[in-house]
Undergrad: 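I'd like to ask some things about the structure below.
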There are 2 protein chains.
Amino acid sequence: MQNQSTKNSADTLNITLTDRLFDSLQRAIVEGEIPQGSKISEPELARQHGVSRGSLREAIARLEARKLVERKPNLGARVVTLSYEQLIEIFQLREALEGMSARLAAQNMTEMEIEELQALLQQHGDQIAEQHGQAYFQKQGDLDFHYRIVQGSKNKQLIALLCNDLYQLLRMYRYQFGMRSKRSQQAYEEHHYLINAITARDAEMAELLMRQHIRSSRRNVEAVFLEQL
Amino acid sequence: MQNQSTKNSADTLNITLTDRLFDSLQRAIVEGEIPQGSKISEPELARQHGVSRGSLREAIARLEARKLVERKPNLGARVVTLSYEQLIEIFQLREALEGMSARLAAQNMTEMEIEELQALLQQHGDQIAEQHGQAYFQKQGDLDFHYRIVQGSKNKQLIALLCNDLYQLLRMYRYQFGMRSKRSQQAYEEHHYLINAITARDAEMAELLMRQHIRSSRRNVEAVFLEQL
DNA sequence: AAAAACAAAAGTGTCGACACATTTAAAAAT
DNA sequence: ATTTTTAAATGTGTCGACACTTTTGTTTTT
(Lines give C-alpha, C1' and ligand atoms only; values in the text may rest on other atoms or scores of the structure.)
Protein backbone atom coordinates (compact mmCIF):
# COMPACT_ATOMS: atom_id res chain seq x y z
CA MET A 1 0.00 0.00 0.00
CA GLN A 2 1.14 3.48 -0.79
CA ASN A 3 1.92 6.33 1.55
CA GLN A 4 -1.12 8.32 2.67
CA SER A 5 0.19 11.76 1.76
CA THR A 6 0.67 11.01 -1.90
CA LYS A 7 -2.46 8.89 -2.16
CA ASN A 8 -5.69 10.81 -2.65
CA SER A 9 -7.74 10.85 0.51
CA ALA A 10 -10.83 8.77 -0.19
CA ASP A 11 -12.31 8.38 -3.61
CA THR A 12 -10.91 10.03 -6.69
CA LEU A 13 -11.03 13.71 -5.94
CA ASN A 14 -8.36 14.17 -8.51
CA ILE A 15 -8.85 17.59 -9.99
CA THR A 16 -7.58 17.84 -13.51
CA LEU A 17 -6.44 20.95 -15.31
CA THR A 18 -9.41 20.75 -17.62
CA ASP A 19 -11.73 20.69 -14.61
CA ARG A 20 -10.32 23.93 -13.23
CA LEU A 21 -10.38 25.52 -16.65
CA PHE A 22 -13.97 24.54 -17.12
CA ASP A 23 -15.01 25.97 -13.76
CA SER A 24 -13.12 29.16 -14.42
CA LEU A 25 -14.57 29.66 -17.88
CA GLN A 26 -18.05 28.76 -16.80
CA ARG A 27 -17.95 31.38 -14.07
CA ALA A 28 -16.53 33.96 -16.45
CA ILE A 29 -19.25 33.31 -18.98
CA VAL A 30 -22.12 33.16 -16.50
CA GLU A 31 -21.05 36.41 -14.88
CA GLY A 32 -20.57 38.10 -18.22
CA GLU A 33 -16.84 38.57 -17.89
CA ILE A 34 -16.62 37.00 -21.30
CA PRO A 35 -19.48 38.73 -23.05
CA GLN A 36 -22.26 36.80 -24.74
CA GLY A 37 -21.88 36.25 -28.44
CA SER A 38 -18.15 36.88 -28.33
CA LYS A 39 -15.84 34.62 -30.23
CA ILE A 40 -13.45 32.44 -28.33
CA SER A 41 -9.96 32.33 -29.76
CA GLU A 42 -8.32 29.12 -28.67
CA PRO A 43 -4.71 30.29 -28.94
CA GLU A 44 -5.42 33.50 -27.07
CA LEU A 45 -7.45 31.97 -24.25
CA ALA A 46 -4.94 29.17 -23.88
CA ARG A 47 -2.14 31.67 -23.51
CA GLN A 48 -4.11 33.76 -21.03
CA HIS A 49 -4.65 30.78 -18.80
CA GLY A 50 -1.24 29.33 -19.42
CA VAL A 51 -2.44 25.99 -20.70
CA SER A 52 -2.21 24.07 -23.93
CA ARG A 53 -4.88 24.23 -26.56
CA GLY A 54 -5.75 20.60 -26.04
CA SER A 55 -6.83 21.10 -22.46
CA LEU A 56 -8.70 24.23 -23.36
CA ARG A 57 -10.53 22.39 -26.09
CA GLU A 58 -11.81 19.78 -23.69
CA ALA A 59 -13.04 22.50 -21.38
CA ILE A 60 -14.82 24.20 -24.27
CA ALA A 61 -16.40 20.91 -25.24
CA ARG A 62 -17.94 20.70 -21.79
CA LEU A 63 -19.17 24.24 -21.99
CA GLU A 64 -20.76 23.34 -25.28
CA ALA A 65 -22.53 20.39 -23.69
CA ARG A 66 -24.01 22.80 -21.16
CA LYS A 67 -25.08 25.10 -23.94
CA LEU A 68 -22.94 27.98 -22.72
CA VAL A 69 -20.99 28.09 -25.97
CA GLU A 70 -21.78 27.08 -29.51
CA ARG A 71 -19.17 25.64 -31.76
CA LYS A 72 -19.14 25.32 -35.50
CA PRO A 73 -16.58 23.18 -37.31
CA ASN A 74 -13.63 25.20 -38.55
CA LEU A 75 -15.23 28.42 -37.43
CA GLY A 76 -14.61 28.17 -33.73
CA ALA A 77 -16.65 28.65 -30.61
CA ARG A 78 -18.78 31.58 -29.54
CA VAL A 79 -20.40 32.29 -26.21
CA VAL A 80 -24.14 31.81 -26.58
CA THR A 81 -26.33 34.81 -27.18
CA LEU A 82 -29.16 35.09 -24.71
CA SER A 83 -32.59 35.81 -26.04
CA TYR A 84 -36.00 36.45 -24.68
CA GLU A 85 -37.35 33.49 -26.63
CA GLN A 86 -34.83 31.11 -25.14
CA LEU A 87 -35.55 32.38 -21.66
CA ILE A 88 -39.21 31.60 -22.11
CA GLU A 89 -38.32 28.14 -23.35
CA ILE A 90 -36.24 27.59 -20.26
CA PHE A 91 -39.15 28.56 -18.07
CA GLN A 92 -41.28 25.99 -19.83
CA LEU A 93 -38.62 23.38 -19.18
CA ARG A 94 -38.41 24.37 -15.56
CA GLU A 95 -42.14 24.22 -15.13
CA ALA A 96 -42.11 20.61 -16.28
CA LEU A 97 -38.96 19.51 -14.50
CA GLU A 98 -39.34 21.32 -11.23
CA GLY A 99 -42.99 20.42 -11.11
CA MET A 100 -41.99 16.79 -11.22
CA SER A 101 -39.23 17.49 -8.69
CA ALA A 102 -41.73 18.91 -6.24
CA ARG A 103 -43.99 15.91 -6.73
CA LEU A 104 -41.15 13.51 -6.02
CA ALA A 105 -39.81 15.64 -3.18
CA ALA A 106 -43.16 15.40 -1.43
CA GLN A 107 -42.79 11.65 -1.61
CA ASN A 108 -39.09 11.23 -0.97
CA MET A 109 -37.70 13.98 1.23
CA THR A 110 -36.79 12.89 4.73
CA GLU A 111 -38.41 14.57 7.70
CA MET A 112 -35.02 16.04 8.47
CA GLU A 113 -34.71 17.59 5.03
CA ILE A 114 -38.15 19.07 5.31
CA GLU A 115 -37.27 20.64 8.63
CA GLU A 116 -34.13 22.12 7.16
CA LEU A 117 -36.12 23.50 4.27
CA GLN A 118 -38.52 25.12 6.70
CA ALA A 119 -35.60 26.64 8.58
CA LEU A 120 -34.21 28.02 5.34
CA LEU A 121 -37.54 29.59 4.49
CA GLN A 122 -37.78 31.09 7.96
CA GLN A 123 -34.39 32.66 7.35
CA HIS A 124 -35.55 34.14 4.07
CA GLY A 125 -38.56 35.58 5.84
CA ASP A 126 -36.28 37.33 8.33
CA GLN A 127 -34.15 38.78 5.57
CA ILE A 128 -37.18 40.14 3.78
CA ALA A 129 -38.45 41.74 6.97
CA GLU A 130 -35.07 43.31 7.65
CA GLN A 131 -33.95 44.72 4.38
CA HIS A 132 -37.21 45.15 2.59
CA GLY A 133 -36.42 42.92 -0.34
CA GLN A 134 -32.83 43.38 -1.39
CA ALA A 135 -32.68 41.91 -4.85
CA TYR A 136 -29.53 39.84 -4.58
CA PHE A 137 -30.34 37.88 -1.44
CA GLN A 138 -33.83 37.28 -2.68
CA LYS A 139 -32.68 35.79 -5.92
CA GLN A 140 -30.02 33.71 -4.28
CA GLY A 141 -32.53 32.59 -1.70
CA ASP A 142 -35.04 31.62 -4.34
CA LEU A 143 -32.44 29.52 -6.11
CA ASP A 144 -31.38 27.86 -2.84
CA PHE A 145 -34.93 26.88 -2.15
CA HIS A 146 -35.51 25.40 -5.56
CA TYR A 147 -32.16 23.69 -5.41
CA ARG A 148 -33.09 21.84 -2.24
CA ILE A 149 -36.37 20.65 -3.55
CA VAL A 150 -34.70 19.24 -6.63
CA GLN A 151 -32.23 17.45 -4.39
CA GLY A 152 -35.17 16.18 -2.39
CA SER A 153 -36.63 14.46 -5.41
CA LYS A 154 -33.82 11.91 -5.10
CA ASN A 155 -33.99 11.47 -8.85
CA LYS A 156 -30.38 11.60 -10.05
CA GLN A 157 -31.32 12.44 -13.61
CA LEU A 158 -33.42 15.37 -12.54
CA ILE A 159 -30.77 16.59 -10.15
CA ALA A 160 -28.00 16.50 -12.72
CA LEU A 161 -30.09 18.13 -15.36
CA LEU A 162 -31.41 20.98 -13.30
CA CYS A 163 -28.56 21.68 -10.93
CA ASN A 164 -25.68 21.22 -13.32
CA ASP A 165 -27.04 22.31 -16.65
CA LEU A 166 -30.10 24.47 -16.43
CA TYR A 167 -29.36 26.51 -13.33
CA GLN A 168 -26.09 27.78 -14.78
CA LEU A 169 -27.93 29.13 -17.77
CA LEU A 170 -30.50 30.69 -15.48
CA ARG A 171 -27.80 32.31 -13.41
CA MET A 172 -26.36 33.71 -16.60
CA TYR A 173 -29.66 35.32 -17.45
CA ARG A 174 -29.91 36.79 -13.98
CA TYR A 175 -26.45 38.25 -14.13
CA GLN A 176 -26.75 39.67 -17.58
CA PHE A 177 -30.32 40.80 -17.73
CA GLY A 178 -30.44 42.19 -14.24
CA MET A 179 -33.88 40.65 -13.79
CA ARG A 180 -35.11 42.72 -10.92
CA SER A 181 -37.89 40.92 -9.18
CA LYS A 182 -40.73 42.97 -7.86
CA ARG A 183 -42.24 39.93 -6.29
CA SER A 184 -39.93 38.70 -3.58
CA GLN A 185 -42.75 38.94 -1.08
CA GLN A 186 -45.09 36.92 -3.26
CA ALA A 187 -42.44 34.34 -4.09
CA TYR A 188 -41.86 33.93 -0.39
CA GLU A 189 -45.50 33.23 0.18
CA GLU A 190 -45.66 30.78 -2.67
CA HIS A 191 -42.70 28.95 -1.19
CA HIS A 192 -44.71 28.70 1.99
CA TYR A 193 -47.65 27.05 0.30
CA LEU A 194 -45.28 24.66 -1.38
CA ILE A 195 -43.59 23.65 1.82
CA ASN A 196 -46.94 23.01 3.39
CA ALA A 197 -47.90 20.64 0.61
CA ILE A 198 -44.60 18.84 0.96
CA THR A 199 -44.95 18.58 4.72
CA ALA A 200 -48.38 17.10 4.18
CA ARG A 201 -46.83 14.70 1.65
CA ASP A 202 -49.34 15.86 -0.92
CA ALA A 203 -47.41 15.14 -4.11
CA GLU A 204 -50.15 16.20 -6.49
CA MET A 205 -50.56 19.53 -4.77
CA ALA A 206 -46.82 20.09 -4.54
CA GLU A 207 -46.44 19.71 -8.28
CA LEU A 208 -49.36 21.99 -8.94
CA LEU A 209 -48.05 24.70 -6.67
CA MET A 210 -44.53 24.50 -8.05
CA ARG A 211 -45.80 24.82 -11.59
CA GLN A 212 -47.90 27.78 -10.68
CA HIS A 213 -44.98 29.34 -8.87
CA ILE A 214 -42.72 29.04 -11.89
CA ARG A 215 -45.43 30.16 -14.25
CA SER A 216 -46.04 33.32 -12.28
CA SER A 217 -42.31 33.89 -12.17
CA ARG A 218 -42.31 33.61 -15.95
CA ARG A 219 -45.17 36.05 -16.25
CA ASN A 220 -43.20 38.49 -14.16
CA VAL A 221 -40.29 38.19 -16.56
CA GLU A 222 -42.60 38.68 -19.51
CA ALA A 223 -44.02 41.82 -17.93
CA VAL A 224 -40.58 43.22 -17.21
CA PHE A 225 -39.56 42.64 -20.78
CA LEU A 226 -42.64 44.21 -22.23
CA GLU A 227 -42.22 47.38 -20.24
CA GLN A 228 -38.64 47.62 -21.43
CA LEU A 229 -39.81 48.17 -24.99
CA MET B 1 -14.71 33.05 -54.48
CA GLN B 2 -13.60 29.46 -54.35
CA ASN B 3 -14.50 26.57 -56.57
CA GLN B 4 -17.83 24.94 -55.77
CA SER B 5 -16.56 21.40 -55.48
CA THR B 6 -14.12 22.14 -52.71
CA LYS B 7 -16.34 24.66 -50.97
CA ASN B 8 -18.99 23.20 -48.70
CA SER B 9 -22.42 23.49 -50.18
CA ALA B 10 -24.42 25.88 -48.04
CA ASP B 11 -23.86 26.31 -44.34
CA THR B 12 -21.13 24.55 -42.43
CA LEU B 13 -21.85 20.89 -42.95
CA ASN B 14 -18.25 20.26 -42.25
CA ILE B 15 -18.02 16.87 -40.67
CA THR B 16 -15.05 16.52 -38.43
CA LEU B 17 -13.27 13.33 -37.49
CA THR B 18 -14.48 13.64 -33.94
CA ASP B 19 -18.06 13.87 -35.19
CA ARG B 20 -17.81 10.59 -37.05
CA LEU B 21 -16.08 8.94 -34.14
CA PHE B 22 -18.76 10.11 -31.79
CA ASP B 23 -21.54 8.79 -34.00
CA SER B 24 -19.79 5.49 -34.43
CA LEU B 25 -19.13 5.03 -30.74
CA GLN B 26 -22.58 6.14 -29.74
CA ARG B 27 -24.12 3.56 -32.04
CA ALA B 28 -21.79 0.87 -30.78
CA ILE B 29 -22.63 1.63 -27.18
CA VAL B 30 -26.37 1.97 -27.69
CA GLU B 31 -26.54 -1.32 -29.55
CA GLY B 32 -24.40 -3.08 -27.00
CA GLU B 33 -21.49 -3.75 -29.31
CA ILE B 34 -19.35 -2.23 -26.61
CA PRO B 35 -20.88 -3.85 -23.55
CA GLN B 36 -22.18 -1.79 -20.66
CA GLY B 37 -19.80 -1.34 -17.77
CA SER B 38 -16.77 -2.14 -19.89
CA LYS B 39 -13.69 -0.04 -19.62
CA ILE B 40 -12.61 2.03 -22.58
CA SER B 41 -8.92 1.92 -23.30
CA GLU B 42 -7.98 5.06 -25.16
CA PRO B 43 -4.88 3.71 -26.89
CA GLU B 44 -6.66 0.57 -28.00
CA LEU B 45 -9.81 2.24 -29.27
CA ALA B 46 -7.78 4.91 -31.00
CA ARG B 47 -5.77 2.26 -32.80
CA GLN B 48 -8.88 0.31 -33.78
CA HIS B 49 -10.38 3.37 -35.39
CA GLY B 50 -7.13 4.63 -36.77
CA VAL B 51 -7.25 8.01 -35.09
CA SER B 52 -5.19 9.86 -32.56
CA ARG B 53 -6.00 9.80 -28.88
CA GLY B 54 -6.82 13.49 -28.91
CA SER B 55 -9.70 13.10 -31.30
CA LEU B 56 -10.94 10.05 -29.47
CA ARG B 57 -10.89 11.93 -26.20
CA GLU B 58 -13.12 14.64 -27.56
CA ALA B 59 -15.56 12.04 -28.77
CA ILE B 60 -15.55 10.39 -25.36
CA ALA B 61 -16.16 13.75 -23.72
CA ARG B 62 -19.33 14.10 -25.77
CA LEU B 63 -20.43 10.61 -24.87
CA GLU B 64 -19.91 11.55 -21.25
CA ALA B 65 -22.09 14.63 -21.67
CA ARG B 66 -24.84 12.34 -22.94
CA LYS B 67 -24.33 10.05 -19.99
CA LEU B 68 -23.38 7.09 -22.12
CA VAL B 69 -19.98 6.81 -20.48
CA GLU B 70 -18.64 7.82 -17.09
CA ARG B 71 -15.16 9.08 -16.69
CA LYS B 72 -13.07 9.33 -13.56
CA PRO B 73 -9.82 11.30 -13.51
CA ASN B 74 -6.79 9.11 -14.06
CA LEU B 75 -8.91 5.98 -14.06
CA GLY B 76 -10.39 6.28 -17.50
CA ALA B 77 -13.83 5.96 -18.98
CA ARG B 78 -16.37 3.16 -18.64
CA VAL B 79 -19.57 2.58 -20.52
CA VAL B 80 -22.47 3.26 -18.16
CA THR B 81 -24.14 0.39 -16.42
CA LEU B 82 -27.86 0.32 -16.93
CA SER B 83 -30.05 -0.24 -13.93
CA TYR B 84 -33.70 -0.66 -13.20
CA GLU B 85 -33.61 2.34 -10.87
CA GLN B 86 -32.18 4.59 -13.55
CA LEU B 87 -34.75 3.41 -16.05
CA ILE B 88 -37.52 4.39 -13.68
CA GLU B 89 -35.90 7.78 -13.19
CA ILE B 90 -35.82 8.26 -16.92
CA PHE B 91 -39.50 7.48 -17.16
CA GLN B 92 -40.19 10.14 -14.57
CA LEU B 93 -38.18 12.61 -16.61
CA ARG B 94 -40.03 11.67 -19.74
CA GLU B 95 -43.38 12.04 -18.07
CA ALA B 96 -42.52 15.61 -17.17
CA LEU B 97 -40.79 16.58 -20.40
CA GLU B 98 -43.00 14.84 -22.91
CA GLY B 99 -46.07 15.93 -21.03
CA MET B 100 -44.96 19.50 -21.56
CA SER B 101 -44.08 18.70 -25.15
CA ALA B 102 -47.57 17.46 -25.84
CA ARG B 103 -49.04 20.56 -24.25
CA LEU B 104 -46.94 22.81 -26.43
CA ALA B 105 -47.45 20.66 -29.50
CA ALA B 106 -51.19 21.11 -29.14
CA GLN B 107 -50.58 24.84 -29.27
CA ASN B 108 -47.82 25.05 -31.81
CA MET B 109 -48.01 22.27 -34.36
CA THR B 110 -49.07 23.35 -37.82
CA GLU B 111 -52.13 21.81 -39.41
CA MET B 112 -49.80 20.17 -41.86
CA GLU B 113 -47.75 18.56 -39.13
CA ILE B 114 -50.87 17.27 -37.46
CA GLU B 115 -52.02 15.70 -40.71
CA GLU B 116 -48.67 14.01 -41.14
CA LEU B 117 -48.85 12.72 -37.64
CA GLN B 118 -52.26 11.27 -38.34
CA ALA B 119 -50.93 9.62 -41.46
CA LEU B 120 -48.08 8.11 -39.48
CA LEU B 121 -50.47 6.72 -36.94
CA GLN B 122 -52.64 5.28 -39.68
CA GLN B 123 -49.57 3.51 -40.99
CA HIS B 124 -48.84 2.06 -37.57
CA GLY B 125 -52.37 0.82 -37.39
CA ASP B 126 -51.93 -1.02 -40.68
CA GLN B 127 -48.73 -2.63 -39.49
CA ILE B 128 -50.35 -3.85 -36.32
CA ALA B 129 -53.24 -5.34 -38.27
CA GLU B 130 -50.87 -7.09 -40.65
CA GLN B 131 -48.22 -8.61 -38.47
CA HIS B 132 -50.02 -8.90 -35.21
CA GLY B 133 -47.65 -6.76 -33.21
CA GLN B 134 -44.11 -7.41 -34.28
CA ALA B 135 -41.99 -6.01 -31.51
CA TYR B 136 -39.42 -4.12 -33.53
CA PHE B 137 -41.71 -2.06 -35.72
CA GLN B 138 -43.92 -1.28 -32.77
CA LYS B 139 -41.09 0.10 -30.71
CA GLN B 140 -39.65 2.06 -33.58
CA GLY B 141 -43.09 3.35 -34.39
CA ASP B 142 -43.70 4.41 -30.85
CA LEU B 143 -40.46 6.33 -30.82
CA ASP B 144 -41.26 7.99 -34.16
CA PHE B 145 -44.56 9.18 -32.83
CA HIS B 146 -43.11 10.64 -29.67
CA TYR B 147 -40.30 12.16 -31.66
CA ARG B 148 -42.69 14.11 -33.84
CA ILE B 149 -44.66 15.46 -30.96
CA VAL B 150 -41.52 16.71 -29.33
CA GLN B 151 -40.57 18.41 -32.57
CA GLY B 152 -44.04 19.87 -32.68
CA SER B 153 -43.53 21.62 -29.37
CA LYS B 154 -41.20 24.01 -31.21
CA ASN B 155 -39.27 24.40 -27.97
CA LYS B 156 -35.62 24.06 -28.93
CA GLN B 157 -34.50 23.22 -25.42
CA LEU B 158 -37.01 20.42 -25.14
CA ILE B 159 -36.15 19.10 -28.55
CA ALA B 160 -32.42 18.99 -27.92
CA LEU B 161 -32.83 17.43 -24.54
CA LEU B 162 -35.23 14.70 -25.50
CA CYS B 163 -34.18 13.88 -29.03
CA ASN B 164 -30.43 14.11 -28.60
CA ASP B 165 -29.81 13.06 -25.06
CA LEU B 166 -32.61 11.09 -23.53
CA TYR B 167 -33.78 9.06 -26.48
CA GLN B 168 -30.34 7.59 -27.04
CA LEU B 169 -30.30 6.29 -23.52
CA LEU B 170 -33.80 4.92 -24.01
CA ARG B 171 -32.75 3.19 -27.18
CA MET B 172 -29.89 1.65 -25.28
CA TYR B 173 -32.28 0.22 -22.73
CA ARG B 174 -34.45 -1.19 -25.46
CA TYR B 175 -31.56 -2.85 -27.21
CA GLN B 176 -29.99 -4.31 -24.13
CA PHE B 177 -32.97 -5.24 -22.01
CA GLY B 178 -35.05 -6.54 -24.87
CA MET B 179 -38.10 -4.83 -23.39
CA ARG B 180 -40.81 -6.76 -25.11
CA SER B 181 -43.97 -4.76 -25.08
CA LYS B 182 -47.17 -6.63 -24.59
CA ARG B 183 -49.12 -3.50 -25.12
CA SER B 184 -48.59 -2.36 -28.67
CA GLN B 185 -52.33 -2.40 -29.23
CA GLN B 186 -53.00 -0.30 -26.17
CA ALA B 187 -50.18 2.11 -26.97
CA TYR B 188 -51.69 2.56 -30.40
CA GLU B 189 -55.03 3.46 -28.91
CA GLU B 190 -53.46 5.88 -26.47
CA HIS B 191 -51.69 7.56 -29.36
CA HIS B 192 -55.09 7.98 -30.94
CA TYR B 193 -56.54 9.76 -27.95
CA LEU B 194 -53.51 11.99 -27.88
CA ILE B 195 -53.77 12.95 -31.50
CA ASN B 196 -57.41 13.79 -31.00
CA ALA B 197 -56.57 16.17 -28.19
CA ILE B 198 -53.89 17.79 -30.31
CA THR B 199 -56.22 18.13 -33.27
CA ALA B 200 -58.72 19.79 -30.97
CA ARG B 201 -55.90 22.05 -29.74
CA ASP B 202 -56.69 21.01 -26.21
CA ALA B 203 -53.30 21.57 -24.59
CA GLU B 204 -54.32 20.63 -21.08
CA MET B 205 -55.80 17.35 -22.24
CA ALA B 206 -52.82 16.59 -24.46
CA GLU B 207 -50.44 16.90 -21.55
CA LEU B 208 -52.65 14.78 -19.36
CA LEU B 209 -52.94 12.02 -21.93
CA MET B 210 -49.25 12.00 -22.68
CA ARG B 211 -48.39 11.72 -19.03
CA GLN B 212 -50.81 8.89 -18.61
CA HIS B 213 -49.43 7.18 -21.67
CA ILE B 214 -45.89 7.30 -20.38
CA ARG B 215 -46.93 6.30 -16.90
CA SER B 216 -48.69 3.22 -18.16
CA SER B 217 -45.67 2.43 -20.29
CA ARG B 218 -43.61 2.66 -17.13
CA ARG B 219 -45.95 0.39 -15.27
CA ASN B 220 -45.58 -2.13 -18.05
CA VAL B 221 -41.83 -2.05 -17.63
CA GLU B 222 -42.17 -2.43 -13.90
CA ALA B 223 -44.40 -5.44 -14.37
CA VAL B 224 -42.00 -7.06 -16.82
CA PHE B 225 -39.14 -6.57 -14.40
CA LEU B 226 -41.02 -7.99 -11.46
CA GLU B 227 -41.94 -11.16 -13.29
CA GLN B 228 -38.31 -11.62 -14.26
CA LEU B 229 -37.35 -12.13 -10.61
C1' DA C 1 -13.13 52.56 -58.55
C1' DA C 2 -15.24 48.12 -57.85
C1' DA C 3 -14.74 43.34 -58.33
C1' DA C 4 -11.96 39.30 -58.73
C1' DA C 5 -7.75 36.76 -57.85
C1' DC C 6 -4.16 35.99 -55.11
C1' DA C 7 -0.96 35.88 -50.95
C1' DA C 8 -0.27 36.21 -46.09
C1' DA C 9 -1.93 35.67 -41.48
C1' DA C 10 -4.53 33.63 -38.08
C1' DG C 11 -7.36 29.78 -36.48
C1' DT C 12 -9.01 25.08 -36.09
C1' DG C 13 -8.44 19.90 -36.57
C1' DT C 14 -5.40 16.24 -35.88
C1' DC C 15 -1.35 14.02 -34.51
C1' DG C 16 2.70 12.08 -31.87
C1' DA C 17 5.52 12.60 -27.70
C1' DC C 18 6.45 13.19 -22.86
C1' DA C 19 5.24 13.49 -17.75
C1' DC C 20 2.82 11.66 -14.18
C1' DA C 21 -0.59 8.23 -12.07
C1' DT C 22 -2.34 3.68 -11.76
C1' DT C 23 -2.12 -1.08 -12.35
C1' DT C 24 0.34 -5.32 -12.80
C1' DA C 25 4.22 -8.25 -12.05
C1' DA C 26 8.26 -9.51 -9.76
C1' DA C 27 11.42 -9.40 -5.84
C1' DA C 28 12.29 -8.94 -0.94
C1' DA C 29 11.02 -9.32 3.75
C1' DT C 30 8.45 -11.15 7.48
C1' DA D 1 3.58 -18.99 2.18
C1' DT D 2 1.79 -14.46 2.93
C1' DT D 3 2.51 -9.89 2.95
C1' DT D 4 5.25 -5.75 1.88
C1' DT D 5 8.44 -3.30 -1.35
C1' DT D 6 10.11 -2.43 -5.52
C1' DA D 7 10.11 -2.30 -10.39
C1' DA D 8 8.12 -2.68 -14.96
C1' DA D 9 4.26 -1.81 -17.90
C1' DT D 10 0.24 0.25 -19.12
C1' DG D 11 -2.84 4.26 -19.22
C1' DT D 12 -4.27 9.05 -18.64
C1' DG D 13 -3.26 14.17 -18.65
C1' DT D 14 -0.91 17.67 -20.97
C1' DC D 15 1.87 19.68 -24.35
C1' DG D 16 3.90 21.44 -28.82
C1' DA D 17 3.93 20.85 -33.83
C1' DC D 18 2.01 20.31 -38.43
C1' DA D 19 -1.80 20.25 -42.02
C1' DC D 20 -5.61 22.20 -43.73
C1' DT D 21 -9.46 26.03 -43.53
C1' DT D 22 -11.02 30.35 -42.96
C1' DT D 23 -10.16 35.19 -42.65
C1' DT D 24 -7.68 39.29 -43.73
C1' DG D 25 -5.12 42.24 -46.61
C1' DT D 26 -2.97 43.16 -51.02
C1' DT D 27 -2.47 43.06 -55.83
C1' DT D 28 -4.37 42.45 -60.28
C1' DT D 29 -7.97 42.81 -63.62
C1' DT D 30 -12.03 44.79 -65.81
Side-chain angles (χ1 to χ4, degrees), chain A residues 1-26 34-35 37-65 68-80, chain B residues 1-26 34-35 37-65 68-80:
Chain A
M1 180 55 75
Q2 210 165 332
N3 171 343
Q4 196 68 357
S5 54
T6 46
K7 175 83 178 157
N8 303 300
S9 53
D11 209 30
T12 306
L13 318 160
N14 235 329
I15 298 299
T16 168
L17 221 189
T18 302
D19 290 331
R20 278 200 299 278
L21 249 182
F22 169 70
D23 286 341
S24 168
L25 291 178
Q26 173 167 262
I34 306 177
S38 66
K39 184 165 185 323
I40 293 177
S41 164
E42 293 183 5
E44 189 183 327
L45 246 194
R47 195 176 36 70
Q48 281 179 11
H49 289 254
V51 301
S52 82
R53 267 185 61 222
S55 304
L56 175 65
R57 268 170 141 279
E58 294 207 16
I60 292 179
R62 285 200 222 168
L63 292 170
E64 189 185 13
L68 292 176
V69 315
E70 284 169 356
R71 168 184 268 169
K72 285 177 185 168
N74 289 318
L75 296 187
R78 309 191 84 90
V79 177
V80 290
Chain B
M1 180 55 74
Q2 212 166 330
N3 171 343
Q4 195 68 357
S5 53
T6 47
K7 174 79 178 161
N8 304 301
S9 53
D11 208 29
T12 306
L13 320 161
N14 234 329
I15 298 299
T16 169
L17 221 191
T18 302
D19 290 332
R20 277 200 300 277
L21 248 183
F22 169 71
D23 287 341
S24 167
L25 291 178
Q26 172 166 261
I34 306 178
S38 67
K39 184 165 185 324
I40 293 177
S41 164
E42 293 182 4
E44 190 183 326
L45 246 194
R47 194 176 36 71
Q48 280 179 13
H49 289 254
V51 302
S52 81
R53 268 185 59 222
S55 304
L56 175 64
R57 269 169 138 280
E58 294 209 15
I60 292 180
R62 284 200 222 169
L63 293 171
E64 188 185 14
L68 292 176
V69 314
E70 285 170 354
R71 168 185 267 171
K72 285 177 183 169
N74 289 317
L75 296 188
R78 310 191 85 90
V79 177
V80 290

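Proteins come first, then strands; the chains are lettered A, B, ... in the order of their sequence lines, and each starts at number 1.
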Undergrad: NZ/B:K39 to CG/B:L45 distance, rounded to the nearest 0.5 angstrom?
TA: 10.0 Å
Undergrad: Just the rounded figure in Å: distance from C1' of D:dT21 to NZ of A:K72.
TA: 16 Å
Undergrad: Nearest-Å distance, CZ (A:R78) to C1' (C:dT12)?
TA: 14 Å
Undergrad: Give the rounded distance in Å between these two atoms: CZ of B:R53 and C1' of C:dA17.
TA: 10 Å
Undergrad: Does A:S55 put a side-chain nitrogen or oxygen below 4.0 Å from OP1 or OP2 of D:dC15?
TA: yes
Undergrad: Any side-chain N or O of B:T16 below 4.0 angstrom from OP1/OP2 of C:dT14?
TA: yes
Undergrad: If I take atom CD in residue B:E58 and atom P in nucleotide D:dT12, what distance separates them, rounded to the nearest angstrom?
TA: 16 Å
Undergrad: Decide side chain to side chain contact (heavy atoms under 4.5 Å, CB included) for B:H49 and B:L56; before the verdict, give the C-alpha distance in whole Å, the side-chain angles of both, and the deciding distance to 0.1 Å.
TA: CA-CA 9 Å; B:H49 289 254; B:L56 175 64; over 6 Å; no
Undergrad: For B:G54, answer base if it contacts any base atom (sugar-phosphate contacts may also be present), sugar-phosphate if it contacts only those atoms, and nothing otherwise; contact means non-hydrogen atoms under 4.0 Å.
TA: nothing
Undergrad: Output the rounded distance in Å from CG (A:L75) to P (C:dA10).
TA: 18 Å
Undergrad: How long is the line joining CG of B:L17 and P of D:dC20, in whole Å?
TA: 13 Å
Undergrad: Measuring from atom CG of B:N14 to atom NZ of A:K72, what distance do you get when rounded to the nearest 0.5 angstrom?
TA: 12.5 Å
Undergrad: Within less than 4.0 Å of OP1 or OP2 of D:dT22, is there a side-chain N or O belonging to B:N14?
TA: yes
Undergrad: Whole Å only: how far is the NZ atom of B:K39 from the P atom of C:dT22?
TA: 13 Å
Undergrad: Would you check if the side chain of A:R78 reaches a backbone N or O of A:G37 as a donor-acceptor pair within less than 3.5 Å?
TA: yes
Undergrad: Within this structure, what is the CZ-to-C1' distance between A:R71 and C:dG11, rounded to whole angstrom?
TA: 12 Å
Undergrad: Below 4.0 angstrom, which residues in residues 18-26 of chain B have at least one non-hydrogen atom near DNA chain C?
TA: B:T18
Undergrad: Using distance only, find each side-chain donor-acceptor pair of residues 17-25 of chain A under 3.5 Å and give its atom names and separation, not counting sequence neighbours.
TA:
from  : atom 1 : to    : atom 2 : distance (Å)
A:D19 : OD1    : A:R62 : NH1    : 2.9
A:D19 : OD1    : A:R62 : NH2    : 2.8
A:D19 : OD2    : A:T16 : N      : 3.0

Undergrad: Do side-chain atoms of B:R53 reach the backbone of B:P43 as a donor and acceptor pair under 3.5 angstrom?
TA: no
Undergrad: Restricting to non-hydrogen atoms, name the atom on A:I60 and the atom on A:V69 that form the minimum distance, rounded to 0.1 Å.
TA: O-CG2, 3.9 Å
Undergrad: Which of residues 42-52 of chain B have a heavy atom under 4.0 Å from DNA chain D?
TA: B:E42, B:P43
Undergrad: Measure the spacing between CD of B:E58 and CD of A:E58 and express it to the nearest 0.5 Å.
TA: 6.5 Å
